Participant: 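One structure coming up, written as structure tokens, with questions to follow.
Atoms considered below: every heavy atom in the structure, side chains included; atoms not considered: hydrogens, waters and symmetry mates. Keep in mind that what you see is a predicted model, and the values were worked out from it rather than measured. We name chains A, B, ... by the order of the sequence lines, and we start the count at 1 in each one.
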Amino acid sequence: MNDTLSAVLKTLNERQYQAVTHNPEIPLQILAGPGSGKTKVLTSRVAYLVQEHKLRPSDICAVTFTNKAASEMRERLNLLIGEEQTKKLRLGTFHALCARFLRQWGKTIGLTDRFTICDADESKKIITNLLKAYDGQLKARRLTLQPGEVLSSISNAKAKGLSSADLFAQAENDIHQIIAELYASYTEALKKMNALDFDDLLVYGVRLYDKEPTLAAWCQHVLVDEFQDTNSMQYRLMLQLAAIHRCVSVVGDPDQSIYGWRAADVGNISAMQKNFTDCKQIMLEHNYRSTGAILGASIAIVSQDTSRIQKALVTDHAQGTKPALLTFAIEQTEANFIAKEIKRLVACSGGMLSWKDFAILLRFNALSRTLEAALQKESIPNRVLAGHKFFERLEIKDILAYLQLIDNPNYVPAFSRAINVPSRSIGEKTIAAVLEAAASREKSPMELLEGIYEGRYPDVKPAVKGKIREFIPLHQQLRTMANEGGAVPDLIRHIITATRYEDHLRKTQPDWDTRWENVQELINYAQQFDQDPEDIVELPSVEGEDGAPETPLRLFLQASMLSTDTESDDDKNKDTNKVVLSTCHAAKGLEWPVVFVPGVEQGIFPFYRNDDVAEERRLLYVACTRAQAFLYVSYCSKRMTAGEIKDRTISDFISKIPADQKKVFDKAAPIVGPKCIEEVAKVLRRDPPDTDIVEKATKEFGSFAPPRENLLDPNANIYKNTIRGPGSHLAFSSSRNTEPATFQPARMAGIASIANPYPTRSSSQPPPPSQSQPQTPHPLMAWASNKPKSASGPKKFRPMPSSSQPPAGATATLSTFQSTSIDSLKAMKNLGATETAGAPDMVALGRGAGTKRLGMGFSAGGYKPPSKRAKQE
DNA sequence: TCGCAATCCATTTTT
DNA sequence: TGGATTGCGA
């Protein structure tokens, strides 16, 4: 066992240690509450298996729920067992692992190795086309059927292992029957174009091991993270992988099961106990993340679920600040409050908290609009987690379509897209004609076009021959390049040159410049991928059944299709100091010192379209348990819904908390004084801020008191009575009635800027004293002096001027690391870490409040929120 | 086939 | 309210 691992083992509590070192031969279930260090345990267990039990990494299969979790695990393991070993692990999502297995052994069940992975968008398009055949029938019966509906029904069926015949047999009405029929024709369509959708990866994976169980012989140990969110196909896969050696470790938390809508089945936890009768269960109930008060409130919420398995959750942390439960008149007020409150906490903490320490967690993405606007208005840098994904952007899909088509000329979605990009005046009609003609000759659409081009086949009805003069030779060239093992970046460059893609973007897209940058980023990604391909470890080969050697192109396409969050492997985003806006779902597994959960209203929590109320409750629980030190739950009495302002009521999840537990929330935002901050520093394991700064700021601020009155009045100046002294001119600007700002000259430049956390946008206000202390800019200066952007100002993210970077050599001290973070592992490894005195490293506050969505992750500059058409088609 | 304008519609979560 | 879809004319 190496030093790093033994150092980590020493940091574990008894239960954690027990879990890590548990006999590998005996199946293990770890039920781990939020913040109980489950990832640490799982990772350490892998390391332990390798180092103590001498398992070969290539014989270990570790499954995560997201790619992000996989790369986080990979990163931790790099430190624990070294990159060399980590690379050999079979680590990834079920989907990614299955893709790998199927490439290798797919022939066993009649798949070709050339299959294309079809993403949800493309699936939807296929369904939309198939649905057309039912137009008349549906209309006649006055029924409507959305493609999305059909798709999710099919997806659900697949996740449960139901065939179209099964679905048909179960059908209770016409709609069900039609869906079952569509399922059948969809399956056939995919088969014809040699494509697998996401669910198919699992379905065929299971089929593979059903047919050939020995193919799992390599697998000495299976580990599954987020086990409560596995669906029945995934569970079956786990069983199959474990069938031979029966060594399994899973980690999960039934309270955090929030993917039922994706056919996840918590029942797998008890199913596992039946399948492995000797299964050992270890509970991790010690929370290292949150204060007692936050845990108390969270438990008060989740324990309303009477069917829930009782589980304790304890913490060593202080009770801390009570979570706030706030009411607002309307969403704008709520959003404005949150923005101001973020600034207040940054100020009151003397800069110990910075933008990146705040998260606003939402039930659904659309709620972010008001908040983005409010943050923007306050010049608070922010980013939307998830949002639009890089690989879903129009310009990226255009290029990918060409690449997919080279790899698989039968893949209709790629064909339909590439053929008319840039526009060759080949529309829907023509494409339909080509597809039909191709089908009748049993050729791929590309083969047919080549035939037409060479005059071997007659042209189709809307003539196409003249329009493909350049397209066909281009395609042939690309195919040759690819077959000869050409590098993907070269292929892409060839595509964009030959199609004059840049011109095309310029002509068709208003924001062509950022799109063009994204294309460049795609090339970069491909380049990087070429040098450092994942999946290099061979799976055992099967006589005569192995897949063809992977071309760089195929590996690239597979990774692209399966990659959702590209940001994780992109370091650029890691150190961005921004407030995070995220859905509650996407926040799973993450934590922040301060968390806001707005919109806790009936209809949103629980979401009105979800029948599974218990799941919605757990979702709120997940959101609340992300918070380390401060938690704000809020709701509005009115909210704009469906274009109309409607009355709203507080969520049952809050109002139905039994009376004796009601005190878990405070009806007002907390008073954040020096003592509170000291406690927070402890919880966050950070150095407390300079008491001088806090004291001075406190004085200037009066009481550090939050707004306490009349939140229900949309025009209320909620800060009016709580901020005194120089701060009093800082009228809270709600939507309309901004009080006239009477400026009081700053007394001392440095302090004034601290005391002025709420700069108004009023034109009567002179510019803040920003240049006053260039040598030692106070942390708070950055935002305090951050001039509001003009209303129509550029939305682009501007990189920080180098002058505001942290001073060279400023390294975080050991104590600032959070105990279980990657950083701390690095720290343990790198014991030479420099200690730096004093100054909190908060200088790097971002300027310019550009919203940057994380999903794209590639270009550091210039992402614009997706425009209407960005969504492509 | 494409671009613009009128119209309609209604707010989820993601591998 | 904004956005997405549909329908029309060039």
Participant: Answer with base, sugar-phosphate or nothing: what part of the nucleic acid does A/S423 contact at a heavy-atom distance below 4.0 Å?
Facilitator: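 Sugar-phosphate only.
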Participant: Between A/K507 (NZ) and B/dC2 (C1'), how many Å, whole number?
Facilitator: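 Rounded to the whole Å, the gap is 14 Å.
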Participant: Closest nucleotide of DNA chain B for A/I431 versus for A/N610: which of these residues is on the 5' side?
Facilitator: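 The residue closer to the strand's 5' end, by nearest nucleotide, is A/I431.
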Participant: Using a 4.0 Å heavy-atom cut-off across all strands, classify A/G427 as base, sugar-phosphate, or nothing.
Facilitator: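 If one applies the 4.0 Å heavy-atom cut-off, A/G427 turns out to touch the sugar-phosphate alone, with no base involved.
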Participant: Between B/dT15, B/dT12, C/dG3, which one does the side chain of A/R369 approach most closely?
Facilitator: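 Of all the options, the side chain of A/R369 is nearest to C/dG3.
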Participant: What nucleotide, of B/dT12, B/dT14, B/dT15, holds the atom closest to the side chain of A/Y259?
Facilitator: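 Of the options given, the side chain of A/Y259 lies nearest B/dT14.
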Participant: Of all the nucleotides listed (B/dT15, C/dG3, B/dT1), which has the minimum atom distance to the side chain of A/H95?
Facilitator: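 So the nucleotide nearest the side chain must be B/dT15.
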Participant: Can you tell me if A/T230 and A/N268 form a side-chain donor-acceptor pair at under 3.5 Å?
Facilitator: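 There is such a pair (donor and acceptor under 3.5 Å, judged by atom type) between the side chains of A/T230 and A/N268.
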Participant: Strictly below 4.0 Å: does A/T583 bring a side-chain N or O up to OP1 or OP2 of B/dT14?
Facilitator: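 Answer yes for this pair, as a side-chain N or O of A/T583 is under 4.0 Å from OP1 or OP2.
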Participant: Report the distance from atom NZ of A/K588 to atom P of B/dT15, rounded to the nearest whole Å.
Facilitator: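 In whole Å, B/dT15 P lies 10 Å from A/K588 NZ.
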Participant: Taking only N and O in the side chain of A/T641, is any of them less than 4.0 Å away from OP1 or OP2 of B/dA10?
Facilitator: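 Negative; the distance criterion is not met.
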Participant: What is the distance from CD of A/E149 to C1' of B/dT13, rounded to the nearest Å?
Facilitator: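 Taking CD of A/E149 and C1' of B/dT13, I get 17 Å after rounding.
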Participant: The side chain of A/F607 lies closest to which of these nucleotides: B/dT13, B/dT12, B/dT1?
Facilitator: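 Among the listed nucleotides, the one closest to the side chain of A/F607 is B/dT12.
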Participant: Calculate the interatomic distance between A/L362 atom CG and B/dT13 atom P; express it in whole Å.
Facilitator: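 Taking atom P of B/dT13 as the reference, CG of A/L362 is at 10 Å.
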Participant: Is the base of B/dT13 stacked against the aromatic ring of A/W261, taking ring centres under 5.5 Å apart and planes under 30° as the test?
Facilitator: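 Here the ring of A/W261 and the base of B/dT13 are stacked, with centres under 5.5 Å and planes under 30°.
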Participant: Taking any heavy-atom pair under 4.0 Å as a contact, classify A/Y608: base, sugar-phosphate, or nothing.
Facilitator: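 Sugar-phosphate: the residue A/Y608, judged by heavy atoms under 4.0 Å, touches backbone atoms but no base.
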Participant: To the nearest angstrom, how far is A/D611 atom CG from B/dT13 atom C1'?
Facilitator: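 Atom CG in A/D611 sits about 14 Å away from atom C1' in B/dT13.
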Participant: Does A/N420 make a side-chain N or O approach to OP1 or OP2 of B/dT1 shorter than 4.0 Å?
Facilitator: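 No, A/N420 has no side-chain N/O under 4.0 Å of OP1/OP2 on B/dT1.
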